[in-house]
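Positions are given from 1, in the same order as the sequence printed here.
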Amino acid sequence: MLPLPVAALIATASPLSSRPVIMVLAGAVLVGVVAIGTRRWWQGWLAERQVQPEPPRSESLRNRDERLKLALWASGEQFWDYDLVQRRLYRMRADETAVQTSDITVLTRQGEVPTIHEEDLPLVMERLRLHLQGKAPIFTSEHRMDMLGNGTWVWVRARGRVVERDAEGQPVRIAGTARDITASRNAEYEHRIAGEVMRSMNEAVAVLDWAHQFITINPAFTRITGYAEDEIIGQPMTMLDSDQHEDAFFERMNRELRLTGRWSGEVWKVRKDGEEILCRIETNVVPDVSGERPLYVQVLTDITEQKRAEQELRYLANYDTLTSLPNRSLLSERLSRAIVRARREHGHVAVLFIDLDRFKDINDSLGHATGDRILRAAAARVQQTVGTQHTVARLSGDEFTVVLEDINGLPDAEDVAQRLIHAFRTPLNFGERLELAVSPSIGISLYPEHAQVPTELLKHADTAMYQAKAMGRHTYEVYSETMDEKNRHRAILASALRRAIDRNELSLVFQPRLSISRQRITGVEALLRWDSREFGMVSPAQFIPLAEESGMILELGAWALREACLTLRSWHDAGLEELSVAVNVSATQLQRGDLQAVVARTLQETGIPANRLELELTESVIMANPEQNADTLRACRRLGISLAIDDFGTGYSSLAYLKRLPLTTLKIDREFIGDLTHDSDDEAITSTIITMGQSLALKVVAEGVETWDQYEFLRSHGCDEVQGHWVAQALSPDQCLRFIREYYPGSGIRVAS
């Protein structure tokens, strides 16, 4: 029985379109076979084969029969013949399973038309209608059919035509051929998918023949290599090879391909424009259709930028970007390897920790850009001095480390340290006609004498470097265990200092200043003292640097300023209203603290006149950041207080900045006062400072005056005030008050209780 849509089409067909034709369409669509022969021949042939004994035939008939069977076998197609009147389908195909004999067996079958898939049926019937109406010379279709009636759909390609009509010209029989194309259609589908995937891939794909010549490429291949398809098809793969690889490299590649059927690796290739690119290549061997000659499928990925990025990241992870020296990470790795070798060979390794003296002041005064140029010049100087056989690293800031290998012991390390110090006596060139003298402080530690592991060696060298700075800088020190004791003591001392204010362990002493012209005490300098419960009296030279490093100087400085002003307030209340007080200010207070606000608040709380307060700052403090500090000092000066520059003559500030700063007082450093009347150079320097101060309308104060001759020299050269043990030592507030009241002007005789 025909499917319902086909039967309906036949029942309603016009004479011209004919229902037999529609029935033929259904048969052709459902079975998908192609016609050969006539209906009579077909039925007679079937009858002869299945019912009657074969009668004698002529030789030509037998030859035709053999050729028919051979055609069936060779084409792999089925022949079908559909009787539109009887609605019977006849099929014939060669038995391809019977391969044991030379005779070709033909299988036949007759019955109803197999079912066509409902999605394909409308198109099949439309094509059949066109053929039956004479609008298409033949009927062709590709559609799905259930050939076995078990719900399994196969794709068939059917081709046929009307082979018999009745007396009225209506089709009564249609015949043709059909082929099962399920496998080829699936293969074609997969091929289309593979082609689309290949076209859309970012990786370059190329297929090469057995002779390693290009067969096909994808668009990504053109994008990466620059070669279009027509430029590369048929060309050998070697046209892309780079000279960076030797012939042996490609021989190993081909050998692995032959043995394993695949190869992967990184290969330099040359683009059409001559640029060399690094490619990651995956090559697989794929046999051709015959299975005899191999095809090669290559997938190329341009990893040039990726490799450059990896190298850059590796560089950033191991090298300092400013100086191009190894950084802390690479230093640790190399030091570890050096220790392993030294342990195996019973040798020595030395670590030199180098810090540039006062580099922060240089960096702040000249700017960070100039500071970076100086660091680069310093790095080159160190590397040039120690040689390329030793590792020179930059840890951070102005800190450098040298790892010395293959040395005989400490003398070799000290020799290198001495050569470094000598090398830095020559100023560093950091620009066109620009140079600057910089000195290093160096600490030395040695394996195995001082430590066994890298971290301890670095730590001990760092400790020795700080000891070198404490010894006056521009020198080197070798690590010893006593240095650790000093560091531990400093740590304990710093902890105790944090509790000093709460325990009332801090106090102020005051050293009077004598006005030479008026011969009376007109002011005092407040000095901070610490009487610790654990350590007793601690020298300011010890605890002031600790307070600076820890940041506690802000709290200590504010406390000292308030206590000095409160003491002065009590002296004013006692009738000494002309007295003034000078208080020292540190670099941290000037740069990190809100100095102007602290001073204003202290003046308001204590009620002393602003013109009776003087802040003392050293040259190095002011010049650490001259522009910013100048603004802060101007703000303080607007409050009405005085500003003094302490230890003048020992720093490196320029007179131009001295002129621009809102100063009121110059204090000559005691270094020049000690040898007055004995050293002509100190006399010349002191007299010059006095003259310069007077020309700038500044009050000039000499500190450290201890003899009458020193006083007389200063008086004769016009110095305004003096202070020192010749006048009075630093006194407690009560002692200082009594001293001021009992001071007798005249020949220098003083009475102090």
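For R343 (side chain) and H346 (main-chain N/O), no donor-acceptor pair under 3.5 Å exists by modelled atom type. Judged purely by atom type and a 3.5 angstrom limit, R513 has no side-chain atom pairing as donor or acceptor with the backbone of T522.
Every residue two or more places apart in sequence or in another chain that forms a side-chain hydrogen bond (donor to acceptor under 3.5 Å, both in side chains) with R569 is listed here: D573. For Y319, the ring-ring contact (aromatic ring centres under 6.0 Å, His included) test picks out Y315, with sequence neighbours left out. Evaluation of the side-chain hydrogen bond (donor to acceptor under 3.5 Å, both in side chains) rule for S570 yields no partner, not counting sequence neighbours. T426 meets the side chain to side chain contact (heavy atoms under 4.5 Å, CB included) test with R381; sequence neighbours excluded. In this structure, the side-chain hydrogen bond (donor to acceptor under 3.5 Å, both in side chains) partners of S586, at least two apart in sequence or on a different chain, are E548, Q589. For S336, the side chain to side chain contact (heavy atoms under 4.5 Å, CB included) partners at least two apart in sequence or on another chain are S332, P454. Under the side chain to side chain contact (heavy atoms under 4.5 Å, CB included) criterion, S480 pairs with T482, M483, sequence neighbours left out. Judged as a side-chain hydrogen bond (donor to acceptor under 3.5 Å, both in side chains), and not counting sequence neighbours, the contacts of H348 are E449.
Across every non-hydrogen atom of L528 and P540, the tightest pair is O-CG, 3.8 Å. Taking both residues in full, the closest heavy atoms of T707 and W726 are given as C-CD1, 3.6 Å, listed atom of the first, atom of the second, then distance. Closest heavy-atom contact between V478 and E414: CG2-OE2, 3.7 Å. Shortest non-hydrogen contact noted between L698 and T665 is CD2-N, 4.2 Å. For V581 against A526, the heavy-atom pair with the smallest separation is CG2-CB, 4.2 Å. Considering all non-hydrogen atoms of both residues, L508 and A564 come closest at CD1-N, 3.4 Å.
Under the 4.5 Å side-chain criterion, counting only non-hydrogen atoms from C-beta, R499 is in contact with E534. Counting heavy atoms from C-beta outward, Q383 and V386 have side chains that approach closer than 4.5 Å. Using a 4.5 Å heavy-atom cutoff, the side chains of I668 and I685 are not in contact. Between I444 and L410 there is a side-chain heavy-atom pair separated by less than 4.5 Å. The closest side-chain heavy-atom distance from L661 to I645 is not below 4.5 Å. With a 4.5 Å cut-off on side-chain heavy atoms, T401 and L352 do not count as touching. You'll find the side chain of L576 reaches within 4.5 Å of the side chain of L737, heavy atoms only. Looking at heavy atoms from C-beta onward, I544 lies out of side-chain contact with L556 at the 4.5 angstrom threshold.
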Ignoring hydrogens and angles, write down the donor-acceptor pairs under 3.5 Å from the side chains of residues 416-424, residues two or more places apart or on other chains.
{"unit_1": "R419", "atom_1": "NE", "unit_2": "D415", "atom_2": "OD2", "d": "3.4"}
{"unit_1": "R419", "atom_1": "NH1", "unit_2": "T385", "atom_2": "O", "d": "2.9"}

Validation: residues 635-642 side-chain donor-acceptor distances under 3.5 Å, sequence neighbours left out:
{"unit_1": "R637", "atom_1": "NH1", "unit_2": "I641", "atom_2": "O", "d": "2.9"}

Donor-acceptor list for residues 456-474 side chains, cut-off 3.5 Å, not counting sequence neighbours:
{"unit_1": "T463", "atom_1": "OG1", "unit_2": "K459", "atom_2": "O", "d": "3.0"}
{"unit_1": "K469", "atom_1": "NZ", "unit_2": "D355", "atom_2": "OD2", "d": "2.8"}
{"unit_1": "K469", "atom_1": "NZ", "unit_2": "D357", "atom_2": "OD1", "d": "3.0"}

* Might you work through the side chain to side chain contact (heavy atoms under 4.5 Å, CB included) test for L568 and T606, ending with a clear yes or no? => CA-CA 9 Å; L568 184 64; T606 59; over 6 Å; no
* **CA sep, side-chain torsions, deciding dist, call: I673, L676, side chain to side chain contact (heavy atoms under 4.5 Å, CB included)** => CA-CA 5 Å; I673 305 302; L676 285 180; 3.9 Å; yes
* Please assess L603 against I608 for the test side chain to side chain contact (heavy atoms under 4.5 Å, CB included), listing each intermediate value before the final yes or no. => CA-CA 6 Å; L603 292 175; I608 69 168; 3.8 Å; yes
* Does the side chain to side chain contact (heavy atoms under 4.5 Å, CB included) test come out yes or no for L404 and V349, once each step is laid out? -> CA-CA 6 Å; L404 301 176; V349 176; over 6 Å; no
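Between the CD atom of E703 and the CD atom of E671 there is a distance of 11.5 Å, given to the nearest 0.5 Å. Considering CG of L322 and CG of N327, their distance stands at 12.5 Å, rounded to 0.5 Å. Note: R373 CZ to L428 CG = 12.5 Å, rounded to the nearest 0.5 Å. Residue L325 holds its CG atom at 10.5 Å from CG of L330, rounded to the nearest 0.5 Å. We find the CZ-OG1 distance between R376 and T323 to be 9.0 Å, quoted to the nearest 0.5 Å. From L356, atom CG reaches atom CG of L375 across 6.5 Å, with rounding to the nearest 0.5 Å.
Ion pairing between a basic and an acidic side chain is recognised when a charged N comes within 4.0 Å of a carboxylate O; R337 and E405 show no such pairing. No salt bridge links E614 with K667; every basic N to acidic carboxylate O contact stays at or beyond 4.0 Å.
Side-chain contact annotation: Q542 with S539, donor-acceptor N/O pair under 3.5 Å absent.
Within 6.0 Å of CD on Q452 lie more than 12 heavy atoms contributed by other residues, nucleotides or ligands. Heavy-atom neighbours of Q604 CD from other residues, nucleotides or ligands within 6.0 Å: at or below the threshold of 12.
For residues 538-583, the ring pair (Phe, Tyr, Trp, His ring centres under 6.0 Å) pairs, not counting sequence neighbours, are F510-W571, W530-F543.
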